[in-house]
Amino acid sequence: MSKKIVIEPVTRVEGHGKVTIHLDDQGNVAQSRLHIVEFRGFERFVQGRPYWEAPVLVERLCGICPVSHHLAAAKAVDVIAGAGTGDGLTPTAEKIRRLMHYGQMFQSHTLHFFHLASPDLLFGYDAPPEQRNVIGVALANRELATQAVLMRKYGQEVIAATAGKKIHGTGAIPGGVNKSLTIEERDTLLKGRAPLNADKMIAWSQGALAFFKDYYKKNKAFIDGFSQFPSNHLSLVRKDGALDLYHGVLRAVDAAGKKILNDVDYQDYLSHLREEVRSWSYMKFPFLKILGKEKGWYRVGPLARLNTADFIPTPLAQKEFEAFKAVTGGKPNNMCMHTHWARLIEVLHSAEVIRDLLLDSDITGTDLVTKGKWQPVGVGVIEAPRGTLMHHYRVNEDDLITMANLIVSTTHNNEPMNRAVNCVAKAMMTGQKEITEPMMNAVEVAIRAYDPCLSCATHAYGQMPLEVSLYDATGKLISQRRK
Amino acid sequence: MAKKIIATTSLAGCFGCHMSILDIDERILDLIELVEFNKSPIDDIKTFTKECDIGIIEGGCCNDENVHTLLEFRKHCKTLVVIGECAMMGGLPSMRNTIPLKECLDEAYLNGPTVADCNPQKIIPNDPDIPKILNRVYPCHEIVKIDVFLPGCPPRADLIWDALVALVTGAELKLPYTTFKFD
């Protein structure tokens with residue numbers, strides 16, 4: 001008898017993500033789907049707006065990493081304003097934007113690791129659900145929770161100093177930025193109010209990495225084996241192959257490490273990428289044109305970035321990168337749960353970059369904006385915390401937007417998240433008559449590794465509450481479980 | 001004093017308002033001494049397990065599920081607080097209100113440069129498993145009665161903190177101009 005299992009967040013009621021799993025007559029998983037249930041319509045309603053509004057309009061897509069959208073849009077409108085394709089800004093403007101972005105990376109990754117992943121690690125992913133949340137962490141380990149709150153706060157303060165405010169800032173404008181740092185602002189971030197200073201953030205980042213590596217040592221089979229499958233990987237890399245989260249060329253490698261997209265200019269992204277529409281999700285399915293819909297899907301995000309980059313250009317993170325690469329003998333790492341490790345290496349890298357930028361005298365410079373020859377089209381690409389983010393605008397002679405195309409990080413990961421759900425469903429639910437709480441949480445754990453919040457597409461931080469219903473072939477509900 | 005019970009949700013919002021709640025920073029550790037969280041994205045409580053004192057809503061209503069959730073919040077929360085532009089006035093998502101919904105869907109799924117030449121069957125998502133989109137985006141007060149409005153995009157963390165303290169302790173809410181700023 002075939003069955004359909006529906007796993008849905010409470011947020012089915014609130015409108016976010018939902019999973020359906022179909023079992024065949026033998027109880028094997030025949031099909032599983034992650035549905036994204038939100039639709040906004042940005043591409044259409046920004047048409048007719050002046051292009052310089054784009055950086056402050058589109059950041060309202062996502063309040064969790066608004067800086068990423070702010071800067072991807074700014075990079076696209078730089079091109080329209082004639083300020084070049086990533087190399088035309090003044091040193092001060094580029095470094096202020098980088099500082100804003102690495103501050104964002106630091107706070108967003110910190111939020112993910114401590115508020116979301118750490119409850120699973122501290123208590124076990126099969127622990128009672130009422131304990132598995134950040135309040136549980138605060139009650140069990142106040143020191144860790146305090147550190148989490150303060151690390152996120154530091155990242156937010158870096159953003160506020162560069163963007164004007166912590167959420168939905170206004171710092172980036174076409175061709176540059178509207179402010180640099182005052183000496184006082186710089187000193188506050190560099191060595192100001194204890195314990196919030198740049199060196200402390202580096203030390204705490206190393207502490208978080210040590211925490212994870214200790215956990216890995218004790219739980220190697222789970223971290224290596226859970227929901228792992230081969231895939232392609234895509235990200236920006238600097239021209240020399242270094243990890244660069246703000247600017248670079250597009251590179252993709254396959255599961256064995258062969259380059260399938262060889263350091264191409266992202267202004268030309270349309271020659272390489274397409275998106276498939278499926279009737280059961282509002283989120284599209286991107287793929288590499290050269291490989292087609294079936295084989296052209298890929299992962300983005302921290303794991304993908306450490307698979308595409310050749311090295312990390314800061315010393316402490318580079319050392320961690322070498323240890324990370326050694327696990328797979330230098331080949332791409334396809335182990336889903338290693339994304340947490342990669343993310344923490346990026347936290348350390350971000351802390352080092354923030355410190356280095358604060359020590360750079362350009363950061364207090366006064367030459368803020370570049371002007372040049374107007375262009376009708378611009379593409380901006382950036383590495384957001386959750387992966388590659390693409391903005392593409394066309395404008396008319398009145399400077400009004402006539403076309404906008406946005407491919408957000410979570411959209412790139414659509415197919416991998418579906419595969420992850422399928423992988424876990426097959427492993428945990430094949431032949432099962434009853435759906436247990438640990439089975440449901442296993443599905444969450446797999447999705448969470450890619451994007452705890454299905455961010456720009458849907459949910460925010462926190463555990464995804466689930467509802468699982470088991471139907472028989474005739475559609476009759478035979479079992480239901482909530483948590 | 002018994003702990004006040006709080007529930008929160010994000011409807012058609014970006015979660016920026018929830019992020020601004022987190023921007024109360026260290027005070028969040030004080031907050032959990034004062035209140036108990038019920039249904040919220042920050043915990044695993046999926047449906048209301050008890051009646052709540054304070055319900056906090058981010059975002060307006062853009063689909064049928066948003067409306068359903070908002071009605072549930074009104075039913076189970078004594079005081080309903082909306083935070084941010086979207087919940088108060090529809091916000092940025094309501095920019096689509098002047099445009100027919102079909103045009104928005106066509107642009108995203110049929111006309112965009114990365115879909116135009118690879119969607120030959122002209123598929124627009126319509127599965128029964130995904131919610132129905134409303135004709136326009138509605139602010140919360142057009143659906144249910146709202147008791148407290150906190151403006152901003154997002155409201156500043158200090159404003160959220162002061163309002164929470166006032167609601168929890170019953171003290172008068174002070175609203176100095178500096179914490180009360182639109183942009």
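Here the structure is a predicted model, which is why all the values come from computation and not from measurement. Order of the sequence lines sets the chain letters (A, B, ...), proteins ahead of strands, with each chain counted from 1.
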Undergrad: With a 4.5 Å heavy-atom cut-off, do A:Phe45 and B:Glu107 have their side chains touching?
TA: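 The answer is no, as the side chains (C-beta and beyond) never meet within the 4.5 Å cut-off.
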
Undergrad: Under 4.5 Å heavy-atom distance to chain B, tell me which part of A:Arg278 shows up: side chain, backbone, both or neither.
TA: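 Only the backbone of A:Arg278 comes within 4.5 Å of chain B.
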
Undergrad: CD of B:Glu26 to OG1 of A:Thr146: how many Å apart, nearest 0.5 Å?
TA: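 Output value for this atom pair is 8.5 Å.
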
Undergrad: Might you confirm whether atom CZ of A:Arg394 has over 12 heavy atoms from other residues, nucleotides or ligands at distances under 6.0 Å?
TA: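 Counting neighbours around CZ of A:Arg394, 12 or fewer heavy atoms of other residues, nucleotides or ligands fall under 6.0 Å, so no.
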
Undergrad: Side chain from CB out, backbone as N, CA, C, O: work out which of these in B:Ala157 comes under 4.5 Å of a heavy atom of chain A, or both, or neither.
TA: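 Nothing of B:Ala157, per the 4.5 Å heavy-atom cut-off to chain A.
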
Undergrad: Whether B:Asp25 and A:Lys166 form a salt bridge (side-chain N of Lys/Arg under 4.0 Å from carboxylate O of Asp/Glu) is what I want to check.
TA: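 Salt bridge present between A:Lys166 and B:Asp25.
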
Undergrad: Given heavy-atom pairs under 4.5 angstrom as the criterion, report whether the side chain, backbone, both or neither of B:Ile28 touches chain A.
TA: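 For B:Ile28, the contact with chain A is made by the side chain alone.
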
Undergrad: For B:Ile123, is it the side chain, the backbone, both, or neither that has a heavy atom closer than 4.5 Å to a heavy atom of chain A?
TA: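 When you check distances to chain A, atoms from both the backbone and side chain of B:Ile123 fall under 4.5 Å.
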
Undergrad: Which heavy atom of B:Tyr109 sits nearest a heavy atom of A:Tyr282, and at what distance?
TA: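 What the structure gives for the nearest pair is OH-O, 2.5 Å.
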
Undergrad: Any carboxylate oxygen within less than 4.0 angstrom of a Lys/Arg side-chain nitrogen, looking at B:Asp117 and A:Arg274?
TA: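 Here B:Asp117 pairs with A:Arg274 in a salt bridge, since their nearest N and O are under 4.0 Å apart.
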
Undergrad: In chain order, what residues pass the side-chain hydrogen bond (donor to acceptor under 3.5 Å, both in side chains) check against B:Asp30, with sequence neighbours excluded?
TA: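 Expected list: none.
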
Undergrad: Can you see which heavy atom on A:Val277 is nearest to which on B:Pro125, and at what distance?
TA: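 Shortest heavy-atom separation between A:Val277 and B:Pro125 comes out as CG1-CD, 4.0 Å.
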
Undergrad: Does any backbone or side-chain atom of A:Lys293 lie under 4.5 Å from a heavy atom of chain B? Answer side chain, backbone, both or neither.
TA: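 The side chain, not the backbone.
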
Undergrad: Is chain A contacted by the side chain of B:Glu58, its backbone, both, or neither, given a heavy-atom distance below 4.5 Å?
TA: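 For B:Glu58, no heavy atom lies under 4.5 Å from chain A.
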
Undergrad: For the residue pair B:Met19 and A:His168, establish whether any side-chain heavy-atom pair is separated by less than 4.5 Å.
TA: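 Contact flag for B:Met19/A:His168 side chains = no.
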
Undergrad: Using heavy-atom distances under 4.5 Å, tell me whether B:Asn126 contacts chain A through its side chain, its backbone, both, or neither.
TA: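 For B:Asn126, the contact with chain A is made by backbone and side chain together.
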
Undergrad: What is the minimum heavy-atom distance between A:Gly41 and B:Cys104, and which atoms define it?
TA: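 Closest pair (atom of A:Gly41, atom of B:Cys104, distance): CA-CB, 4.2 Å.
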
Undergrad: Using non-hydrogen atoms and a 4.5 Å limit, figure out which bit of B:Cys118 sits close to chain A: side chain, backbone, both or neither.
TA: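 For B:Cys118, heavy atoms of backbone and side chain both lie under 4.5 Å from chain A.
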
Undergrad: Considering only heavy atoms, which portion of A:Glu275 lies under 4.5 Å from any heavy atom of chain B: side chain, backbone, both, or neither?
TA: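 Both the backbone and the side chain of A:Glu275 come within 4.5 Å of chain B.
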
Undergrad: Hey, does A:Arg60 have a side-chain heavy atom less than 4.5 Å from the side chain of B:Cys86?
TA: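 No; the side chains remain at least 4.5 Å from each other.
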
Undergrad: Report the distance from atom CZ of A:Arg44 to atom CG of B:Asn111, rounding to the nearest 0.5 Å.
TA: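 Here the interatomic distance stands at 10.0 Å.
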
Undergrad: Relative to chain B, which segment of A:Lys284 carries a heavy atom at a distance below 4.5 Å: side chain, backbone, both, or neither?
TA: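 Just the side chain, heavy atoms under 4.5 Å.
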
Undergrad: Pick one of side chain, backbone, both or neither for A:Leu406, based on which atoms fall under 4.5 Å of a heavy atom in chain B.
TA: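 Contact with chain B is absent: no heavy atom of A:Leu406 under 4.5 Å.
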
Undergrad: With a sphere of 6.0 Å drawn around CG of A:Leu270, does it hold more than 12 non-hydrogen atoms of other residues, nucleotides or ligands?
TA: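 Buried by this count: over 12 neighbours within 6.0 Å.
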
Undergrad: List the atom of A:Arg40, the atom of B:Gly13, and the distance in Å for their closest heavy-atom pair.
TA: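 Closest approach of A:Arg40 to B:Gly13: NH2-O, 3.1 Å.
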
Undergrad: Taking all non-hydrogen atoms of both residues, which atom of A:Lys165 and which atom of B:Pro154 are closest, and how far apart?
TA: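 Closest approach of A:Lys165 to B:Pro154, heavy atoms only: NZ-CD, 4.2 Å.
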
Undergrad: Counting only non-hydrogen atoms closer than 4.5 Å, does A:Glu59 touch chain B with its backbone (N, CA, C, O), its side chain (CB onward), both, or neither?
TA: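 Looking at A:Glu59, nothing touches chain B.
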
Undergrad: Of the listed residues (A:Gln107, A:Arg152, A:Glu43, A:Glu276), which shares the most heavy-atom pairs with chain B below a 4.5 Å separation?
TA: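 If we count pairs closer than 4.5 Å to chain B, A:Arg152 comes out on top.
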
Undergrad: Of the backbone (N, CA, C, O) and the side chain (C-beta and beyond), which part of A:Arg142 lies under 4.5 Å from a heavy atom of chain B, both, or neither?
TA: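 Only the side chain of A:Arg142 comes within 4.5 Å of chain B.
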
Undergrad: Would you mind reporting whether B:Thr114 and A:Met390 have side-chain heavy atoms less than 4.5 Å apart?
TA: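 A side-chain contact under 4.5 Å is absent here.
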
Undergrad: Which atoms of B:Leu110 come close to chain A, meaning under 4.5 Å heavy atom to heavy atom: side chain ones, backbone ones, both, or neither?
TA: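 No part of B:Leu110 comes within 4.5 Å of chain A.
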
Undergrad: Name the member of A:Ile407, A:Asn405, A:Val46 that forms the most heavy-atom pairs with chain B at distances under 4.5 Å.
TA: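 The answer is A:Asn405.
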
Undergrad: Counting heavy-atom pairs under 4.5 Å to chain B, which of A:His392, A:Arg33, A:Gln47 comes out on top?
TA: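 Option with the greatest count: A:Gln47.
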
